Protein chains: 2
Amino acid sequence: MVKPDDKEEIIMRAAMDVFVDKGQYGAKMQEIADKAGINKALLHYYYRNKEKLYTHIFKFIFKNIMDEVVDLLQSDLPFKDFLKTFISKYIDLLNENHRFPLFIMRELSQGGKIVSNAIKEAMPRELSEHLPAIKLIEDAMSRGEIVRMDPRQIILTVIGSSLFYFMGEPIIRVLLLNEESFDRDKFLEEKKEAIFNIIYYGLAPRGDKQ
Amino acid sequence: MVKPDDKEEIIMRAAMDVFVDKGQYGAKMQEIADKAGINKALLHYYYRNKEKLYTHIFKFIFKNIMDEVVDLLQSDLPFKDFLKTFISKYIDLLNENHRFPLFIMRELSQGGKIVSNAIKEAMPRELSEHLPAIKLIEDAMSRGEIVRMDPRQIILTVIGSSLFYFMGEPIIRVLLLNEESFDRDKFLEEKKEAIFNIIYYGLAPRGDKQ
DNA sequence: GTCTATATGGCGATAGAC
DNA sequence: GTCTATCGCCATATAGAC
């Protein structure tokens with residue numbers, strides 16, 4: 001992030017706010033300008049048009065999230081500890097950026113080129129070829145620490161079960177957590193425990209059953 | 001569904017297509033009219049304005065998905081079999097309607113009243129008070145078939161890990177499945193197996209560890 | 001760089017003939 | 001019920017002064 005009184009930075013923040021909330025088409029340039037405390041003309045001065053501004057925001061958010069996740073994937077801990085800390089930090093990350101996943105997925109659903117370009121720019125080539133997490137999982141399998149299974153299914157299960165709550169929070173709270181006194185922080189801590197326990201012990205080698 | 005040459009039905013299908021793809025604001029009435037093979041004026045004749053049409057579509061989709069899920073939740077199978085069949089049928093359902101979850105979530109992110117109204121209309125009161133799945137899980141815990149844990153965390157884990165692939169498919173295929181010969185059907189069948197095994201055995205009572 | 005004022009176009013919505 | 005033609009607004013974008 002740049003210094004906070006930089007105009008570009010101010011516009012970025014405002015645009016991010018509005019775009020994340022309303023999406024590319026629901027967002028209005030006027031609202032962004034208002035939120036940034038400037039007028040529409042200046043938006044066009046810095047970012048030639050709405051589409052460029054949107055694309056810029058999307059790539060910025062995508063890259064930042066990606067970088068954080070890639071960071072979480074760097075680890076030389078044993079598999080068990082890696083899994084535990086990854087889930088914990090990943091849920092923390094989502095909690096701090098709970099509106100981003102849906103924002104990214106919304107763009108995804110349009111299947112446009114913005115996403116594929118953002119991926120290309122955000123992903124170091126060598127990473128997409130060999131995710132460190134896959135190597136870690138394969139090693140744990142070789143050592144017999146966990147059962148054999150497509151590592152990608154494991155990754156998708158970890159990510160999916162961690163992510164879901166944040167994507168569906170409004171609906172989930174109505175359908176599932178309709179209580180007066182819902183302690184969200186506590187629930188998230190329990191979620192870390194739950195997901196780790198389910199997945200780690202779900203991967204543990206078993207005797208004969210099934 | 002109504003008879004397919006009914007005008008309202010034709011419009012519904014077209015509108016669904018466009019709205020699901022582009023969202024409430026990205027969608028254009030002209031495109032819907034084109035896709036339905038009629039003109040804009042007729043859209044307004046049947047559904048007074050864009051918002052009403054959108055709301056109608058959203059509630060329709062939401063209710064249909066809800067009904068299907070509620071169906072899946074009715075079961076008197078033992079927990080193990082219930083879990084296995086639920087995951088399998090739920091993934092099949094998602095596969096047949098893979099664009100709906102994102103559509104619903106996109107609306108969710110706007111936090112509008114459309115969603116909360118749709119929930120109220122789609123959810124039988126008695127169901128939201130007592131989800132049958134929670135009862136099933138609690139019984140299994142009482143019998144000692146699975147470890148004690150907040151049942152809601154289990155439900156979220158099952159749903160989240162099943163759902164994630166369909167919500168993120170484009171991105172996932174780039175990041176994780178960048179092969180020439182990706183057999184999607186096979187991958188989904190493996191996913192059913194993987195999720196069931198991880199979760200069911202992840203819930204199995206353990207000796208002392210952790 | 002930043003503003004006010006204005007042009008331009010697109011889109012939702014309606015009027016009105018058939 | 002279905003169409004063509006058109007209205008009127010609103011949002012993006014630009015012109016041009018300061």
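Chain identifiers are assigned alphabetically (A, B, ...) following the order of the sequence lines, protein sequences preceding nucleic acid strands; residue numbering begins at 1 within each chain. It should be emphasised that the depicted structure is a prediction, and the values quoted were computed from it without experimental measurement.
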Where the side chain of [X] is concerned, which of [options] is the nearest nucleotide?
X: B:Asn39; options: D:dG1, D:dT4, D:dT14; answer: D:dT4
X: A:Lys50; options: D:dC3, D:dT12, C:dG12; answer: D:dT12
X: A:Ala41; options: D:dT14, D:dA13, C:dT2; answer: D:dT14
X: A:Met29; options: D:dT2, D:dT12, C:dG12; answer: D:dT12
X: A:Lys40; options: C:dA13, D:dT12, D:dG1; answer: D:dT12

- Message: When you measure only distances, ignoring hydrogens and angles, does the side chain of B:Lys28 come within 3.5 Å of the base of C:dG10 through a donor and an acceptor?
- Response: no

Any side-chain N or O of [X] less than 4.0 Å from the OP1 or OP2 oxygen of [N]?
X: B:Lys7; N: D:dG1; value: no
X: B:His44; N: C:dA13; value: yes
X: B:Tyr46; N: D:dT2; value: yes

In whole Å, what is the span from the [atom1] atom of [X] to the [atom2] atom of [N]?
X: A:Leu42; N: D:dG16; atom1: CG; atom2: P; answer: 19 Å
X: A:Ile32; N: D:dA11; atom1: CD1; atom2: P; answer: 12 Å
X: B:Lys22; N: C:dG12; atom1: NZ; atom2: P; answer: 12 Å
X: A:Glu8; N: C:dT2; atom1: CD; atom2: P; answer: 10 Å
X: B:Arg48; N: C:dA15; atom1: CZ; atom2: P; answer: 11 Å
X: A:Lys52; N: D:dT12; atom1: NZ; atom2: P; answer: 16 Å
X: A:Leu43; N: D:dA11; atom1: CG; atom2: P; answer: 14 Å
X: B:Asp34; N: D:dT2; atom1: CG; atom2: P; answer: 17 Å

| query | What is the ring orientation for A:Phe79 with A:Phe82, classed by angle as parallel under 30°, tilted 30 to 60°, or perpendicular over 60°? | reply |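 Aromatic pair A:Phe79/A:Phe82 classed tilted.
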
Original post:
Do the two ring centres, one from B:Phe19 and one from B:Phe103, sit under 6.0 Å apart?
Top reply: no

Need one value for B:Ala27: base, sugar-phosphate or nothing, where a base atom within 4.0 Å counts as base even if backbone is also close, heavy atoms only.
sugar-phosphate

Using a cut-off of 6.0 Å, state whether more than 12 heavy atoms not belonging to B:Lys28 lie near its atom NZ.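 Yes, the 6.0 Å shell around NZ holds more than 12 heavy atoms from other groups.
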
Task: Residues B:Gln153 and A:Tyr165: side-chain donor-acceptor under 3.5 angstrom - done: no

* **Between B:Asn64 and B:Glu68, a side-chain donor and acceptor under 3.5 Å** => no

